[in-house]
There are 2 protein chains.
Amino acid sequence: MPSRVLLIDDDARLAELLSDYLSQNGVQLTAANDGPRGLSALEAGAYDAVLLDVMMPGMDGLEVLRRIRTRSDLPVLMLTAKGDETDRVVGLEIGADDYVAKPFSPRELLARLRAVLRRSRPGVVAERLRVGELVIDIPAREAEVGGTRAELTGIEFDILVALARRAGRVVPREALLAEAGRGDVVVGERTVDVHISHLRSKLGDDPRSPSLIKTVRGIGYVLAKE
Amino acid sequence: MPSRVLLIDDDARLAELLSDYLSQNGVQLTAANDGPRGLSALEAGAYDAVLLDVMMPGMDGLEVLRRIRTRSDLPVLMLTAKGDETDRVVGLEIGADDYVAKPFSPRELLARLRAVLRRSRPGVVAERLRVGELVIDIPAREAEVGGTRAELTGIEFDILVALARRAGRVVPREALLAEAGRGDVVVGERTVDVHISHLRSKLGDDPRSPSLIKTVRGIGYVLAKE
DNA sequence: GCGTGGCCTTAACACTTCTTCACCGCATGA
DNA sequence: TCATGCGGTGAAGAAGTGTTAAGGCCACGC
């Protein structure tokens with residue numbers, strides 16, 4: 001079975017060129033010519049990896065990567081301008097798996113793509129998240145801690161998922177609201193605090209022991225990695 | 001637990017430089033200065049990844065890589081000369097996980113190393129610092145001295161981490177503020193003194209015995225190396 | 001349409017954390 | 001030894017967060 005790869009890049013000529021070359025080598029390439037289209041293509045279809053251009057008008061590649069990482073662990077290979085170390089390092093820190101500096105040879109790209117695909121696990125879509133004692137079943141919208149089910153409301157569940165997807169990393173309040181589907185509505189950020197408070201008590205947080213959800217003053221919250 | 005990484009490279013100066021930088025970031029580097037020694041070090045010890053120079057006298061890096069791949073899937077990151085595309089592509093095809101072109105910045109190397117470690121064994125990326133009696137768990141944001149947990153506030157923790165990363169070296173006040181994420185905000189430097197004072201008492205510092213955190217008059221503070 | 005109940009948001013107050021200030025003691029160099 | 005300046009530390013004020021409770025909104029059933 002060929003690997004399905006999504007290319008997000010505004011350069012149509014490159015897309016065609018790559019598509020040709022890769023299809024001869026067992027990779028089926030789909031192209032999206034900007035960030036938003038790329039993201040919705042990811043929502044809609046099943047892909048094994050993403051090729052992502054960093055320099056794009058509108059939503060730039062790093063932003064696209066951030067959004068991809070909020071919802072999946074799909075392997076992402078960045079395409080960066082030669083010598084732009086900052087983008088590369090930031091990209092890798094956000095969670096890119098690799099990068100290729102432009103201009104690149106198709107042969108090198110293929111080799112790196114294969115290296116990335118080889119490492120990634122089959123069975124891509126994670127419908128269940130596990131972070132330490134916490135288990136989240138996303139389609140069923142259920143969460144449990146140490147085997148005990150927690151009765152969460154809608155937004156509480158969404159906030160918990162947003163935290164769990166980035167366990168160990170700080171998630172700003174506004175990002176939590178955005179991922180809970182409140183990004184467009186204007187809502188006081190203190191609202192998040194209240195939901196966090198409820199989450200903590202429902203997740204059986206003992207005030208004496210180190211909390212599962214930690215506060216990062218002035219920014220947001222982190223879910224402890226174990 | 002720090003990640004253990006084996007460097008196979010004939011350049012002793014590079015080895016020392018990298019070892020310093022990586023050890024501050026939770027990676028324990030062991031150096032082998034040629035291919036055969038590298039291979040036997042791999043036989044002997046447990047490593048989480050390999051940094052492999054391609055250009056070496058005697059057995060070259062690609063040959064070393066081939067032999068590694070006959071017996072293990074250990075993540076291998078190649079160090080190649082800039083622009084030498086052939087080596088890079090061959091290396092990736094043989095089964096290297098990534099490469100970094102020389103000359104590289106330590107920061108980029110670290111980022112790539114972490115990306116590789118993250119893929120291969122989630123959870124091994126070193127996020128724990130140890131300095132004498134002091135143990136710091138960075139993602140959990142917890143610190144303990146001699147087995148006793150210290151309840152630190154956010155900025156106290158950040159300052160402690162900044163000191164621990166450079167244990168044994170003097171860290172100026174402004175650097176401490178910068179690493180605690182206050183680099184942009186204008187804050188009086190005396191603020192640091194107050195936090196240091198709190199840290200000392202929370203870390204169980206006895207005023208009579210030599211302090212864990214030493215003052216360097218006119219400059220800043222040092223964390224005693226043990 | 002009307003009441004009911006659940007959920008989200010806001011407000012208010014208690015509490016924690018960070019910063020600044022003030023005062024004191026100690027180290028340093030004349 | 002004395003003068004000076006730097007750092008240690010307690011305390012107060014400012015800013016941020018935890019938590020409870022009340023009000024508004026919506027969906028649902030009657």
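Computed from a prediction, not measured in an experiment: that's the story for all the values here. In what follows, chains are A, B, ... by sequence order, proteins preceding strands, each numbered from 1.
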| Rounded to the nearest Å, what distance is computed from the CD1 atom of residue I219(B) to the P atom of nucleotide dG5(D)? | 19 Å
| task | Show the numbers, then the answer: is there a side chain to side chain contact (heavy atoms under 4.5 Å, CB included) between D48(A) and L74(A)? | result | CA-CA 7 Å; D48(A) 300 312; L74(A) 208 61; 5.9 Å; no
| task | Using a cut-off of strictly less than 4.0 Å between a heavy atom of the residue and any atom of DNA chain C, enumerate the qualifying residues of residues 188-197 of chain B by number. | result | G188(B), T191(B), V194(B), H195(B)
| request: Send over the distance from L177(B) CG to dT20(C) P, rounded to a whole Å. | output: 10 Å
| query | Are OP1 or OP2 of dC8(C) and a side-chain N or O of T153(A) less than 4.0 angstrom apart? | reply | yes
| request: Determine, stepwise, if the pair R66(A) / D60(A) fulfils salt bridge (charged side-chain N to carboxylate O under 4.0 Å, His left out). | output: CA-CA 10 Å; R66(A) 243 176 239 115; D60(A) 93 334; 5.6 Å; no
| Could you give the NE2-to-P distance, from H198(A) to dC7(C), as a whole number of Å? | 11 Å
| query | Please give, in whole Å, the distance from dC6(D) P to R217(B) CZ? | reply | 7 Å
| Salt-bridge criterion met for R149(A) and E142(A) (N-O under 4.0 Å) | yes
| message | Measuring to OP1 and OP2 of dG16(D), would you say a side-chain N or O of Y221(A) lies under 4.0 angstrom away? | response | no
| remark: Taken to the nearest whole Å, CD/E156(A) to P/dT19(D) is 13 Å
| field | dT19(D) OP1/OP2 closer than 4.0 Å to side-chain N/O of S201(A) | value | no
| task | Look at the side-chain N and O atoms of R173(B) and state whether any lies under 4.0 Å from the OP1 or OP2 oxygen of dG7(D). | result | yes
| request: May I have the distance from L199(B) (atom CG) to dG8(D) (atom C1'), rounded to whole angstrom? | output: 14 Å
